[in-house]
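Report on the structure given below.
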Protein chains: 2
Amino acid sequence: MTRAPSSKPYHHGELREALVSAGRKLLEERGIRGFTLRECARRASVSHAAPAHHFASIDDLLAEIATRGYQELTAAMEAEARRAATPAARLVAQGVGYMAFAAAHPVLFQLMFGREANRFETPGLAAAAKSAYHLHVVAVEGVIPKAPLEVKQRMVDFAWASIHGFITLVLEGQIGDEDSPRALKARGLAMLAAMVETVVRAGGDP
Amino acid sequence: MTRAPSSKPYHHGELREALVSAGRKLLEERGIRGFTLRECARRASVSHAAPAHHFASIDDLLAEIATRGYQELTAAMEAEARRAATPAARLVAQGVGYMAFAAAHPVLFQLMFGREANRFETPGLAAAAKSAYHLHVVAVEGVIPKAPLEVKQRMVDFAWASIHGFITLVLEGQIGDEDSPRALKARGLAMLAAMVETVVRAGGDP
DNA sequence: CAAGATACTTGTCATTGTCTAGATTATATG
DNA sequence: CATATAATCTAGACAATGACAAGTATCTTG
């Protein structure tokens with residue numbers, strides 16, 4: 001199918017993918033401000049103007065990278081969730097998946113949830129973000145299926161905010177900067193436990 | 001005291017302050033990626049190389065702007081907290097102040113809690129961030145003074161994460177993008193109420 | 001095989017951060 | 001007060017960047 005290029009063919013063949021992949025690495029290495037189109041092109045072994053045929057602008061490439069990020073985040077949450085036996089365990093597990101993804105790809109995560117990627121609004125980006133969001137909704141509904149809709153919505157806000165806030169503060173060094181990785185994980189799990197307890201109570205009280 | 005410059009004196013007089021002030025406006029206008037030193041210089045009516053005498057690099061200026069941001073955030077939280085009658089009300093009020101500040105200065109807030117400002121580590125930046133953090137500690141301790149230290153610490157994590165996560169998701173458009181400002185504020189308050197209830201319960205149970 | 005579309009290169013432009021050298025003003029020392 | 005010295009600013013230069021234009025090579029389709 002795809003022939004192995006002997007020397008250097010004029011057509012790259014999979015330049016779009018190569019740019020996304022190189023860009024992702026570059027992003028983690030140098031941060032958002034250090035991200036450049038030309039360096040992506042260099043790493044893909046093409047000229048500096050080649051990317052223009054696949055991405056309208058640097059923001060377009062960033063949006064694509066962010067989109068992939070949302071897809072991976074969703075997959076990471078789902079993978080953890082599958083191991084959970086109860087709805088409450090699933091909510092915790094998704095939180096663990098969420099945090100683990102963010103910790104593994106801190107700059108990508110910041111790109112996804114910063115305002116930079118959204119400057120170039122792609123339908124794919126919105127859809128990918130939506131499906132990650134949907135996982136939170138499903139997990140919370142599993143825990144409090146009989147609660148009124150408004151309570152459910154508020155608890156989705158609450159669950160997501162706790163998870164997202166905690167890992168964001170950790171990544172920025174505001175929380176647990178002096179803790180061992182082990183201790184930090186315990187802090188995260190304690191946070192998730194408190195969150196789930198709140199959700200359970202909100203559904204089971206009345 | 002400070003004479004009003006008739007035409008254009010060679011020395012600006014307060015260039016450092018002018019750069020910080022101009023930079024802050026520029027930041028909100030164009031986002032982090034659109035922030036440039038030369039535009040700051042232009043807005044302060046000096047040459048492009050003038051800022052170098054006050055800031056070692058563009059990251060240094062960004063760090064200074066972030067530092068001011070933390071100081072203002074602290075002040076905003078304290079101002080709200082002063083109106084609160086009970087410890088629980090204070091915890092909520094500080095959360096309101098936190099969110100209001102973030103909503104009023106979204107890009108500055110993103111700078112403060114992104115990884116960009118921290119690339120250039122200033123002692124002032126760390127101190128300013130610390131004192132904002134300290135307010136959360138004090139507020140939580142007020143609500144559950146008799147709880148064990150570890151519970152307190154976990155609840156500080158929890159409270160801060162909830163507040164920070166919620167407003168971050170709002171700013172990014174992930175939460176409440178279709179709500180009216182009024183409805184969104186209600187969602188925020190509901191979130192804070194759920195958070196405070198959890199903190200109270202964590203302290204009063206045993 | 002021809003013709004046109006696609007993928008890529010080279011060259012260019014204004015703009016950027018940072019550096020060096022020089023000009024101007026403030027301050028301190030005698 | 002005079003003058004040396006430091007602080008502040010300007011002007012010019014450099015490599016790097018994002019974007020655009022124009023040309024070249026390869027693929028595809030008729």
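First the proteins, then the strands, lettered A, B, ... as listed; each starts at 1.
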What does A:H48 touch in the nucleic acid at a heavy-atom separation under 4.0 angstrom: a base, only the sugar-phosphate, or nothing? base
Would you say the base of D:dT8 and the side-chain of B:R16 have a donor-acceptor pair closer than 3.5 Å? no
Distance test, side-chain N/O of B:R42 to OP1/OP2 of C:dT15, below 4.0 Å: no
Looking at C:dC8, C:dT18, D:dT17, which one has an atom nearest to any side-chain atom of B:I58? C:dT18
Interatomic distance, B:R33 CZ vs C:dG17 P [rounded to whole Å]: 13 Å
Could you state the atom-to-atom distance from CZ of B:F35 to P of C:dT16 in whole Å? 12 Å
Rounded to whole Å, the CG-C1' distance (B:L26 to C:dT15) equals 14 Å
From C:dA7, D:dT8, D:dA19, pick the nucleotide closest to the side chain of A:H54? C:dA7
Rounded to the Å, how far apart are A:F55 CZ and D:dA19 C1'? 16 Å
Using 30° and 60° as the class limits, which term best fits the ring planes of B:H164 and B:F109: parallel, tilted or perpendicular? tilted
Over how many whole Å does the gap from A:L61 atom CG to D:dA19 atom P extend? 11 Å
Show which side-chain atoms of residues 129-136 of chain B pair as donor or acceptor with protein atoms under 3.5 Å away, not counting sequence neighbours.
residue	atom	partner	partner atom	Å
B:S131	OG	B:A128	O	3.3
B:H136	NE2	B:W160	NE1	3.4

Is any side-chain heavy atom of A:D157 closer than 4.5 Å to one of B:L169? no
Identify whether any heavy atom of A:T36 sits under 4.0 Å from a base atom; if not, whether one sits that close to sugar-phosphate; answer base, sugar-phosphate or nothing. sugar-phosphate
Taking atom C1' of C:dC8 as reference, at what distance in whole Å does atom NE2 of A:H12 sit? 11 Å
Nearest 0.5 Å, what's the CG-CZ distance between B:L108 and B:R68? 11.5 Å
Nucleotide nearest B:A49 (side chain, heavy atoms from C-beta), chosen from C:dG17, D:dT10, D:dT8: D:dT10
Atom-to-atom span, CD of B:E39 to P of C:dA14 - whole angstrom: 18 Å
Separation of B:I32 atom CD1 from C:dT16 atom P, in whole Å? 18 Å
Name the closest nucleotide to the A:H53 side chain, picking from C:dT18, C:dT16, C:dC8. C:dC8
Among D:dT10, C:dG17, D:dA19, which nucleotide has an atom closest to any side-chain atom of A:R38? D:dA19
When you compare the side chain of A:R187 with that of B:R154, does any pair of heavy atoms fall below 4.5 Å? yes
